[in-house]
Protein chains: 2
Amino acid sequence: MSKRQGYGQFCPISRAAELLTTRWTPLVVRELYFGSTRYSDLRRGLPRMSSALLSQRLKELEHNGILTCQPAESGTGHVYRLTDAGRALFPILESMGHWAQTHSSDDMTKDENLDPDLLMWNIRRRVTSEGIPKNQHFVVLFHFLGVPIKRSRFWLLFRDGEIEICMRDPGYETGLAVTAHIRTLTQIWLGHVPLELAIRRHELLLEGERSHVQAFSRWFNLSLLAIGNQASVSSA
Amino acid sequence: MSKRQGYGQFCPISRAAELLTTRWTPLVVRELYFGSTRYSDLRRGLPRMSSALLSQRLKELEHNGILTCQPAESGTGHVYRLTDAGRALFPILESMGHWAQTHSSDDMTKDENLDPDLLMWNIRRRVTSEGIPKNQHFVVLFHFLGVPIKRSRFWLLFRDGEIEICMRDPGYETGLAVTAHIRTLTQIWLGHVPLELAIRRHELLLEGERSHVQAFSRWFNLSLLAIGNQASVSSA
DNA sequence: CGGAATCCGGATGGATACTG
DNA sequence: CAGTATCCATCCGGATTCCG
């Protein structure tokens with residue numbers, strides 16, 4: 001497979017670099033760290049990565065002891081999980097994220113990278129059912145501006161403790177509607193802009209029963225990367 | 001030049017990853033951070049990197065605002081220096097080094113990566129003239145075991161505040177001789193093994209006047225990566 | 001010495017199609 | 001759904017060359 005020579009350096013940085021300087025590898029680790037376990041989860045979180053390359057990377061990472069691959073008990077496919085060594089890579093990713101936030105001309109929120117599917121998928125993984133009416137379904141509509149109409153509406157469906165993203169109205173009554181420019185919600189998600197500020201400036205609109213509006217900040221959690229980045233946002 | 005697509009992610013990790021997931025790039029940054037400024041310094045520290053690729057990387061990094069390139073005042077060539085953004089990358093490298101030290105089956109000191117030239121070059125950059133007799137030259141011979149004879153002897157020449165590596169006896173009287181297996185000195189340098197321990201076990205031999213032997217641990221500084229890694233070694 | 005340009009074969013990555 | 005297979009563009013390593 002890889003006939004590639006190593007860097008020929010005894011310095012430990014080079015060991016990690018040999019692992020991480022292949023394309024997409026850090027992002028695969030990120031996805032796993034943030035909770036993806038299935039091949040299709042990974043594909044969803046890394047839409048621009050080709051399937052062939054993903055499966056190649058998974059094999060390499062397994063071979064390098066970064067992840068384990070086990071046949072899924074429930075049905076088909078495999079479950080991928082980081083090993084201890086794999087989870088230990090996270091501080092590296094964290095410092096990469098921190099560097100980019102402070103030193104990269106912040107075009108990570110430039111138009112071409114804003115992606116509502118990706119954002120919703122990331123949000124879904126961090127959402128908690130806390131503060132959501134139990135034992136009944138609850139629907140939140142996200143309505144994005146700055147996005148082609150066909151990809152501008154997403155429904156988050158809370159049901160039986162499960163959370164699902166729908167691209168079409170799931171039919172139940174909508175309990176809360178969230179309206180914002182895709183960039184606004186992305187910036188909030190990344191911790192660049194405090195939620196309250198966006199609300200106060202009417203750049204993010206919450207519509208629904210008062211209790212549902214107030215509950216929003218309890219179940220809508222920011223990206224793990226946002227923590228410690230910006231003014232705190234979580235409900236008191 | 002690079003027509004390569006981005007990762008299409010708004011997550012800041014991906015911004016840093018786009019920069020760092022090209023081959024050799026983290027090590028070029030490491031070299032600059034550790035004090036190299038000239039093209040030939042970089043080549044010396046990265047002997048397995050091709051010249052063409054190095055000059056390509058330097059251009060890319062300059063373009064990305066990681067380093068600046070200025071014509072050298074003194075004579076020919078250019079001086080490469082990290083920008084603030086470039087220096088800010090160091091925590092990433094540091095966590096990479098830390099990860100490898102603790103989670104990579106420590107074959108970074110496996111035989112094929114042990115390299116006396118590289119080691120001497122690294123050592124030289126960290127050596128201080130402190131504790132060295134002033135206003136006269138002072139010569140230290142490093143004698144490596146486990147290395148082909150032709151590359152087994154290096155002389156460190158202290159003269160006029162300058163420090164030079166020689167591959168042949170510079171002719172002056174040798175003030176101190178250091179003898180060890182290449183692996184031993186590499187492990188000491190990386191902080192895997194305390195200097196005192198190696199001395200006590202007679203795995204590192206210091207020969208010379210008592211004062212010169214005692215001075216050794218004052219001017220021989222460990223790799224920056226060793227700091228906080230292992231039992232401290234520096235003289236009290 | 002300090003770099004940059006070129007050429008070439010092999011390795012890697014991206015796109016798409018295909019299979020169980 | 002969970003991956004493979006295939007083809008082509010790009011990247012990388014090594015050697016050589018060139019220039020100032």
Side-chain angles (χ1 to χ4, degrees), chain A residues 1-9 14 17-28 31-32 36-64 67-81 121 164-165, chain B residues 1-9 14 17-28 31-32 36-63 67-81 164-165:
Chain A
M1 193 137 305
S2 124
K3 297 242 180 69
R4 197 175 234 174
Q5 288 263 21
Y7 291 130
Q9 302 249 338
S14 77
E18 286 180 37
L19 184 71
L20 293 176
T21 59
T22 47
R23 207 156 150 67
W24 290 104
T25 301
L27 299 189
V28 172
E31 285 303 302
L32 291 166
S36 291
T37 59
R38 303 301 301 261
Y39 192 84
S40 51
D41 293 346
L42 294 165
R43 295 232 52 194
R44 184 119 85 127
L46 304 167
R48 301 248 270 252
M49 182 182 195
S50 80
S51 177
L53 192 54
L54 174 57
S55 76
Q56 186 187 325
R57 287 288 178 268
L58 289 171
K59 272 178 203 142
E60 293 166 4
L61 289 171
E62 182 182 11
H63 180 253
N64 286 313
L67 57 80
T68 60
C69 170
Q70 293 167 335
E73 311 108 18
S74 59
T76 170
H78 297 88
V79 172
Y80 301 91
R81 290 183 201 287
W121 170 242
E164 216 176 317
I165 300 177
Chain B
M1 190 138 301
S2 127
K3 298 238 180 71
R4 200 172 234 173
Q5 286 263 22
Y7 291 130
Q9 302 250 338
S14 76
E18 285 180 39
L19 185 72
L20 293 176
T21 59
T22 47
R23 208 160 149 65
W24 290 105
T25 301
L27 299 189
V28 172
E31 284 304 300
L32 291 166
S36 291
T37 58
R38 304 301 300 257
Y39 191 84
S40 50
D41 293 345
L42 294 165
R43 296 233 52 192
R44 183 120 86 128
L46 304 167
R48 302 247 270 252
M49 184 183 194
S50 79
S51 175
L53 192 55
L54 174 57
S55 75
Q56 185 187 324
R57 287 287 178 268
L58 290 171
K59 271 180 204 142
E60 293 166 3
L61 290 170
E62 183 182 10
H63 180 254
L67 57 79
T68 60
C69 170
Q70 294 166 333
E73 313 108 18
S74 59
T76 171
H78 297 90
V79 172
Y80 300 91
R81 290 183 200 286
E164 215 175 316
I165 300 177

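Proteins come first, then strands; the chains are lettered A, B, ... in the order of their sequence lines, and each starts at number 1.
Remark: B:Lys59 does not engage B:Glu62 in a salt bridge, criterion side-chain N to carboxylate O under 4.0 Å.
For the pair A:Leu42/A:Leu32, a side-chain contact is recorded, criterion being any heavy-atom separation below 4.5 Å from C-beta on. The closest side-chain heavy-atom distance from B:Thr21 to A:Pro26 is below 4.5 Å. Residues A:Leu20 and B:Leu20 are not in side-chain contact: their nearest non-hydrogen atoms beyond the backbone lie 4.5 Å or more apart.
Only A:Ser51, A:Ala52, listed by number, bring a heavy atom of residues 45-53 of chain A to less than 4.0 angstrom from any atom of DNA chain D.
For B:Trp24, taking side-chain heavy atoms from C-beta onward, the closest of the listed nucleotides C:dG3, D:dG13, C:dA5 is D:dG13. Taking every side-chain heavy atom of B:Arg23 into account, D:dC12 is the closest of C:dG14, D:dG3, D:dC12. Comparing C:dG13, D:dC12, D:dG3 by their nearest atom to the side chain of A:Ser55 picks out D:dG3.
One atom, CD of B:Gln70, and another, C1' of C:dG2, lie 17 Å apart when rounded to the nearest Å. The nearest whole Å value for the distance from the CG atom in B:Leu58 to the C1' atom in C:dG3 is 10 Å. For A:Leu54 and C:dT12, the CG to C1' distance is 16 Å, given to the nearest whole Å. The distance between atom CZ of A:Arg44 and atom P of D:dG3, rounded to the nearest whole Å, is 17 Å.
Across all strands, B:Arg43 comes closer than 4.0 Å to no nucleic acid atom at all (heavy-atom distances).
Every residue meeting the side-chain contact (heavy atoms from CB on, under 4.5 Å) condition with B:Arg38, not counting sequence neighbours, appears here in chain and number order: B:Ser40, B:Asp41, B:Ala72, B:Val79.
Note on B:Ser40: a side-chain N or O is less than 4.0 Å away from OP1 or OP2 of C:dG2. Phosphate contact (OP1/OP2 of C:dG13, side-chain N/O of A:Arg57, threshold under 4.0 Å): present. Taking 4.0 angstrom as the limit, A:His78 places a side-chain polar atom (N or O) nearer than this to OP1 or OP2 of D:dG3. Contact annotation: B:Tyr80 does not reach the phosphate of C:dG2 (side-chain N/O to OP1 or OP2, under 4.0 Å). Of the side-chain N and O atoms in A:Lys59, none sit less than 4.0 angstrom from OP1 or OP2 of D:dA2.
At distances below 3.5 Å, not a single donor-acceptor pair connects side-chain atoms of B:Tyr39 with backbone N or O atoms of B:Leu54. Side-chain atoms of A:Ser14 do not come within 3.5 Å of backbone N or O of A:Ala17 as any donor-acceptor pair.
Nucleotides of DNA chain D nearest to B:Thr22 and A:Tyr39 differ in position, and the one nearer the 5' end is that of A:Tyr39.
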